[in-house]
Amino acid sequence: MMLDKELMVNQESNLPTIPDWAGAMCEQMGQSLRVMAEAIKATNESMEMLKRQMQQMVPLTRGQANALNKQIRERAIDLREQYCLSQQADASIATAIRKDVKLAAGTRSIDELPRALYGVYSDQVAMWDSYPVLKGIKQRYRGVKSNEP
């Protein structure tokens, strides 16, 4: 039989040896498994990328949008006090902050901001301080009397 001819016994150890064609076949199977593993890894990476893109498409929840708007109003009050502006300037400062946040996100409203980046925009609001914008607001409200006690 052909199998008897190909399967030879090693005289020194009395163990069968692997014929050349079997070794080549094992090597080829190993290469195929490596290629398949790389394909699976690439698929997982692309699925992770799609997942991140999908998360960026989901807008803020109503609660997150309300919290961000509240944070904007509070930041406007802090900046008004810091720059000694009149109380009427709060709305203008808040509008300027909202405008910068929406411009950075490329959205038309706070409600459309991506949910996955809520923390980023919250930090942007907390750090917002544009001297040229606040200087313009100060000039606009220079003659306006404050209603503060």
- Task: Determine, for R34 against E38, whether the closest basic-nitrogen to carboxylate-oxygen distance falls under 4.0 angstrom.
- Result: no

- Is it true that E45 and K51 make a salt bridge, defined as a side-chain N closer than 4.0 Å to a carboxylate O? no

Linking I/L/V/M/F/W/Y whenever any side-chain heavy atoms sit under 4.5 Å apart, do [X] and [Y] land together?
X: L117; Y: V58; answer: no
X: V133; Y: V101; answer: yes
X: M47; Y: M49; answer: no
X: V120; Y: L103; answer: no
X: L79; Y: M127; answer: no

Under 3.5 Å, side chain of [X] to main-chain N/O of [Y], donor-acceptor pair present?
X: Q139; Y: G136; value: no
X: R80; Y: L85; value: no
X: Q28; Y: A24; value: no

Rounded at 0.5 Å granularity, tell me how far [atom1] in [X] sits from [atom2] in [Y].
X: M57; Y: R52; atom1: CE; atom2: CZ; value: 15.0 Å
X: N69; Y: E74; atom1: CG; atom2: CD; value: 11.0 Å
X: K138; Y: C84; atom1: NZ; atom2: SG; value: 6.0 Å
X: Q71; Y: Q124; atom1: CD; atom2: CD; value: 10.5 Å
X: L134; Y: W128; atom1: CG; atom2: CH2; value: 4.5 Å
X: D111; Y: L68; atom1: CG; atom2: CG; value: 10.0 Å

- Query: Is any side-chain heavy atom of R140 less than 4.5 Å from a side-chain heavy atom of S92?
  - Reply: yes

- Task: Answer yes or no: is there a side-chain heavy-atom contact under 4.5 Å between Q87 and I77?
- Result: no

- Task: Could you tell me whether the side chains of D78 and Y83 share a donor-acceptor contact shorter than 3.5 Å?
- Result: no

- Message: Can a side-chain donor-acceptor contact be found between Y118 and T61 if the only test is distance below 3.5 angstrom?
- Response: no

Which atom of [X] lies closest to which atom of [Y], heavy atoms considered:
X: S109; Y: K102; value: CA-CD, 3.5 Å
X: A65; Y: I110; value: O-CG2, 4.2 Å
X: Y121; Y: A105; value: OH-CB, 3.3 Å
X: A94; Y: A76; value: N-CB, 3.7 Å
X: I137; Y: A89; value: CG2-CB, 3.7 Å

- Begin from the C-alpha positions of L60 and E112 and carry the test side chain to side chain contact (heavy atoms under 4.5 Å, CB included) through to its verdict. CA-CA 6 Å; L60 292 178; E112 295 175 0; over 6 Å; no

